Amino acid sequence: MDTTIKVTSIHIVFALIAALISAGLSLGWFGFKNDVFAFFVAVIILYFVGQFSQKIAGDEISGFSQWLWDGISPFYFTWVIAYTLFVMYL
């Protein structure tokens with residue numbers, strides 16, 4: 001499987017998980033409501049997923065531009081859409 005597909009797929013799966021956790025924080029599932037903290041949880045998850053993907057991809061992905069389009073953008077857009085849907089319908 002192509003490295004780009006692996007990295008993008010990993011980021012999308014973890015974006016869905018981050019959106020669910022962020023929606024839980026926004027809706028008060030954990031005992032408190034905080035939308036700003038929900039955003040920072042997603043950023044922290046993105047950082048660790050990026051580190052994990054770097055170990056998997058090795059030197060095959062290099063440069064910020066490639067990480068932006070293969071990892072950060074899919075994570076962000078998936079997180080925004082899933083977070084909005086989870087907050088509206090859960």
Side-chain angles (χ1 to χ4, degrees):
M1 185 183 287
D2 188 31
T3 306
T4 301
I5 295 170
K6 286 180 190 176
V7 170
T8 304
S9 300
I10 290 169
H11 277 82
I12 288 174
V13 168
F14 279 98
L16 292 170
I17 294 168
L20 189 60
I21 293 170
S22 296
L25 288 168
S26 293
L27 296 172
W29 292 351
F30 302 109
F32 63 94
K33 292 182 178 185
N34 193 340
D35 294 332
V36 175
F37 189 64
F39 171 74
F40 283 116
V41 166
V43 171
I44 291 167
I45 290 172
L46 173 62
Y47 173 76
F48 285 113
V49 169
Q51 295 297 318
F52 176 69
S53 296
Q54 180 67 32
K55 288 181 183 178
I56 290 175
D59 293 333
E60 295 179 34
I61 293 182
S62 61
F64 180 74
S65 177
Q66 194 169 5
W67 276 111
L68 177 68
W69 294 113
D70 291 348
I72 297 170
S73 294
F75 183 93
Y76 177 73
F77 289 120
T78 304
W79 177 78
V80 167
I81 292 168
Y83 171 76
T84 304
L85 290 174
F86 288 153
V87 168
M88 296 298 286
Y89 294 113
L90 291 181

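In this text the structure is predicted, and so the values were computed from the model without any measurement.
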List, by chain and then residue number, the residues other than L85 in its hydrophobic cluster (Ile/Leu/Val/Met/Phe/Trp/Tyr, side-chain heavy atoms under 4.5 Å); write none if there are no others.
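ILVMFWY cluster around L85 also holds I81, M88, Y89.
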Path from [X] to [Y] over hydrophobic side-chain contacts below 4.5 Å:
X   : Y   : answer
F39 : L16 : no
I12 : Y83 : no
F40 : Y76 : yes
L68 : V7  : no
F64 : L46 : yes

Listing, residues 28-36 side-chain donor-acceptor contacts under 3.5 Å, not counting sequence neighbours, or none:
residue	atom	partner	partner atom	Å
N34	OD1	V36	N	3.2
N34	OD1	F37	N	3.3
D35	OD1	S26	OG	2.8

Take I45 and I21 through the side-chain contact (heavy atoms from CB on, under 4.5 Å) test and state the conclusion after the steps.
CA-CA 10 Å; I45 290 172; I21 293 170; 4.2 Å; yes
I want to check something: taking the side chain as every heavy atom from C-beta on, are [X] and [Y] in contact at a cut-off of under 4.5 Å?
X   : Y   : value
L90 : L20 : yes
Q54 : I61 : no
V41 : L25 : yes
F86 : S22 : no

Rounded to the nearest 0.5 Å, what's the gap from CG on D70 to NE2 on H11? Could you check?
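Answer for the CG-NE2 pair, D70 versus H11, is 9.0 Å.
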Whether the side chain of T8 engages the backbone of T4 through a donor-acceptor N/O pair (distance < 3.5 Å, no angle test) should be reported.
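Yes: the side chain of T8 pairs with the backbone of T4.
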Can you name the residues that form a side chain to side chain contact (heavy atoms under 4.5 Å, CB included) with [X], not counting sequence neighbours?
X   : value
F52 : I10, I56
A15 : F75, T78, W79
F48 : I44

Which residues pass the side-chain hydrogen bond (donor to acceptor under 3.5 Å, both in side chains) test with E60, sequence neighbours left out?
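Checked E60 against side-chain hydrogen bond (donor to acceptor under 3.5 Å, both in side chains); matches are T3.
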